[in-house]
Amino acid sequence: MNISNIYFIHQVMTIAMIYISGLIFMLLTDASRDKQNTVPFIMKALLAYPAGLSLWGVIGFIVLVLGIPYNAGVLVCVHSALCITLLFNYTIRLKQRIGADILKKCCIAVAAAVIAAILCCEGFITVSVSNDSYYYYSVYPQTIVLEGGYSTSFDVFLTDVGQTCAIIGTLPFLFGFEETYGIMLSLGINLIFIFAYAVYDVSCNKWKLSKACARFAAVLSTIFLVSSTPFIVMTKWVLANAYFMALCFVLFYAAYSFAIHKEKMQLAPFAALLTAMVSMLRMEGGMMAGLLILCMCILPIEGMWLMKYAAIPVAITQLLYYAVIYLKLTVNPLYSFLDFKNALIMLLFAAGLVLYTGFIRKRLGNIIKNYYSYLLLFLLIAGNALLLIIDSERYITNLKYLIFNIYNKTGWGMFGYIMAICFFLIFAVKMLKAFKIGKIKDLKPGYSLAFFSGFVLFTLAVCFARDGSLRLGIGDSGNRVLMQVVPFAIFALIEEVISYLQPETESTRTL
Amino acid sequence: MGKENNLRMNKITVCTIIAIAIMAIGMNLYYNFRNLDSTLDFTEHTKQHIYMDEFQQAGMLPDAYIRELIKDKRVIVPYTVKDYMAYSETAEEDRDSDFKQVYYRENNYVRYFCEYAGECEVNEGLPKIDTVKEMHKEGLINDAAFTDMGIANDMLRYSFLLNKEATRESSYFWYAWFYHTFSSDKGWESRVYIRKDEVEASRELVALWDRKENLYLMEKDYYDNVIAPACIE
């Protein structure tokens with residue numbers, strides 16, 4: 001057997017194992033005792049791969065920051081110990097059993113995952129490789145494996161590279177293959193199905209569309225997503241952006257779903273795991289996860305729940321990481337994206353998130369609660385205005401290049417134009433309708449629109465924190481961060497369209 | 001009547017939205033069909049390696065090829081790693097502003113091979129950087145006997161990952177050097193030359209490099225039979 005075949009088999013098996021570990025995690029952490037009120041298996045099966053990847057990323061991250069030797073033996077032992085603990089908890093403490101029907105469904109789901117993995121690893125779905133793909137997500141992970149942990153000499157790699165993404169990059173060097181293209185493409189395909197399911201679920205259960213209409217909306221919007229140039233570019237370009245876009249969308253949808261179906265709140269460990277993973281996927285991941293948590297506050301999710309399963313995981317990962325790189329390893333690159341000052345700002349932000357979600361939110365008056373999404377967007381705009389005052393030249397240059405990149409279609413294709421026209425049309429008709437019937441407060445941005453708008457404003461602020469200005473070109477990191485917005489933009493647009501067509505009810509307006 | 005009108009309006013609105021959506025999808029598909037390949041370089045990855053055939057023509061990521069090549073091989077290098085202080089008496093020509101360029105020049109490839117090769121052996125009797133330069137000038141090392149795999153500057157830029165001694169200086173030097181040389185002086189490109197077919201079949205390799213850090217990677221037999229005799233002469 002030649003080396004290519006061995007690598008192919010190893011990668012497919014690794015994807016299958018990630019999927020199986022994710023599926024076990026999703027099954028065993030669903031603690032519902034009432035069989036009628038459990039999370040649908042299809043949802044667990046769809047979210048199993050993101051769960052497995054997050055499990056790998058977060059466990060690897062904890063092993064690295066705690067200074068435990070980073071090798072296949074240790075990592076497999078930790079995963080096995082976690083599975084046994086979950087199984088013990090599920091069967092002994094919660095007195096639950098996995099029935100034969102669930103096992104049958106699991107076999108079908110795993111078979112589907114293996115088929116997808118074979119397609120993705122086969123190599124006929126093209127990918128794009130750049131310098132950062134190789135040095136950040138292959139050489140650096142290989143060196144982590146060879147060294148068995150973090151080292152001060154990793155220097156700027158520790159301050160500029162998304163650590164949980166680099167940990168996914170260590171898989172080939174632990175399990176005998178060379179590249180992670182199949183792993184990344186599998187997540188891209190998984191995202192397409194999750195997106196379709198999310199549109200269907202929200203259309204059906206929040207906006208009360210008929211099942212046929214919801215299916216039609218899901219199919220049409222998914223085709224639009226898959227045909228969008230920035231989505232294709234992001235899912236095929238071997239960088240952390242592919243993982244960030246997919247896992248951030250999964251987190252975004254999971255929170256939405258928790259708010260719609262209260263029984264899904266049982267998947268709290270999944271939410272905590274995913275939040276921790278997303279916050280370390282890119283250097284600005286903690287900030288983006290924080291923004292998402294602030295947007296989750298729009299949803300009717302209890303503050304304590306948000307604090308425990310969203311804000312605290314972000315705070316812990318950031319605190320652990322900064323403590324290790326700045327206090328233990330005393331990394332001090334001569335220039336980098338993350339410096340000590342930015343780390344302190346991030347920690348303050350994380351502490352603020354914990355306080356806000358856990359203690360302040362429930363004490364807010366009704367007026368603030370009712371207009372929270374306006375307030376959030378106002379604060380983001382005010383923050384951007386402040387940055388403009390601090391260094392107007394840099395801010396305007398960044399803004400100019402972000403707009404030019406969309407205008408020149410560098411990686412964006414027609415997407416920017418289509419979205420601009422569609423959002424303009426939908427807002428215009430919605431405003432006309434609202435003025436006509438005198439319900440201006442119905443224009444209040446919901447969860448999806450608030451996160452989409454916040455994402456764009458936050459990208460500008462995050463780019464400002466980087467040394468130097470952005471530049472024209474597809475590879476500019478600010479441009480790539482903004483391209484991650486595609487699934488959120490389409491989701492927000494779909495919701496705006498459906499909400500325009502729907503007669504407004506109290507139940508829908510509360511989300 | 002009003003209800004019927006509303007229903008008709010709703011149907012018209014839905015049809016309009018569907019038409020817009022289909023138009024948008026069509027525009028995306030048309031754009032992708034015409035322009036996607038020029039947006040970014042996409043490649044098939046049927047060989048399960050990071051290094052793809054197209055990279056050789058583009059002179060891209062030669063170290064992605066070397067890394068896979070050397071992982072089970074023994075590489076013989078001409079230097080042992082010396083620490084930064086050993087270069088305290090550095091001549092002006094071996095400096096780049098405050099940095100002792102010769103320190104990086106001599107040690108980086110050694111660090112690289114010792115980290116990523118299956119086995120690494122130091123033979124201080126091998127030609128050093130100045131000798132290699134002279135041999136190349138006199139045609140004793142013939143570029144035509146090697147395959148030009150592309151530029152090594154990026155590989156060197158990231159060699160600080162392996163430098164546990166002068167981390168900050170190392171990373172800063174390589175970044176500054178890379179951008180400085182790339183923006184102002186193309187003559188500073190370091191190239192990677194490999195006897196591709198021969199080294200793939202060989203178990204023992206010899207790595208030599210010159211002052212510009214042009215790397216020559218060859219099988220040991222070629223070194224013993226061609227380079228070493230020429231070196232003695």
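Labels below follow one simple rule: chain letters A, B, ... track the order of the sequence lines, proteins then strands, and each chain is numbered from 1.
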Pick whichever of [options] has the most heavy-atom pairs under 4.5 Å with chain A.
options                                  : answer
Glu44(B), Lys164(B), Glu115(B), Arg67(B) : Arg67(B)
Leu29(B), Asn28(B), Asn163(B)            : Asn28(B)
Met27(B), Glu68(B), Lys47(B)             : Glu68(B)

>> Can you tell whether the side chains of Lys430(A) and Glu496(A) come within less than 4.0 Å, N to carboxylate O?
In response: yes
> Do Arg195(B) and Glu219(B) sit within salt-bridge range, that is, some charged N less than 4.0 Å from a carboxylate O?
Replying inline: yes
Given a strict heavy-atom distance threshold of 4.5 Å, which part of [X] is in contact with chain A: side chain, backbone, both, or neither?
X         : answer
Tyr30(B)  : neither
Leu161(B) : both
Met52(B)  : side chain
Tyr31(B)  : side chain
Ile50(B)  : both

Please flag which part of [X] lies under 4.5 Å from any non-hydrogen atom of chain B: side chain, backbone, both or neither.
X         : result
Val139(A) : both
Cys213(A) : neither
Leu220(A) : both
Thr229(A) : both

> What is the distance from atom SG of Cys121(A) to atom OH of Tyr7(A), rounded to the nearest 0.5 Å?
Replying inline: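 Cys121(A) atom SG to Tyr7(A) atom OH measures 14.0 Å (nearest 0.5 Å).
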>> Heavy-atom pairs under 4.5 Å with chain B - which of Trp237(A), Phe415(A), Tyr135(A) has more of them than the others?
In response: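 Most pairs with chain B among the choices: Tyr135(A).
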> Is the NZ or CZ atom of Lys82(B) both under 6.0 Å from the centre of the six-membered ring of Tyr103(B) and within 45° of that ring's axis?
Replying inline: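 The answer is no; the distance or angle limit is not met.
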>> Would Lys236(A) pass as a cation-pi partner of Phe42(B), given that its NZ or CZ must be under 6.0 Å from the six-membered ring centre and within 45 degrees of the axis?
In response: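 Relative to the ring axis of Phe42(B), which defines the angle, Lys236(A) lies inside both limits.
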What class does the angle between the rings of [X] and [Y] fall in, given that below 30° is parallel, 30 to 60° is tilted and above 60° is perpendicular?
X         : Y         : answer
Phe55(B)  : Tyr51(B)  : perpendicular
Tyr407(A) : Tyr417(A) : tilted
Tyr136(A) : Phe157(A) : perpendicular

>> For Gln48(B), is there any backbone N or O sitting under 3.5 Å from a side-chain donor or acceptor partner on Ser4(A)?
In response: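 No: the side chain of Ser4(A) does not pair with the backbone of Gln48(B).
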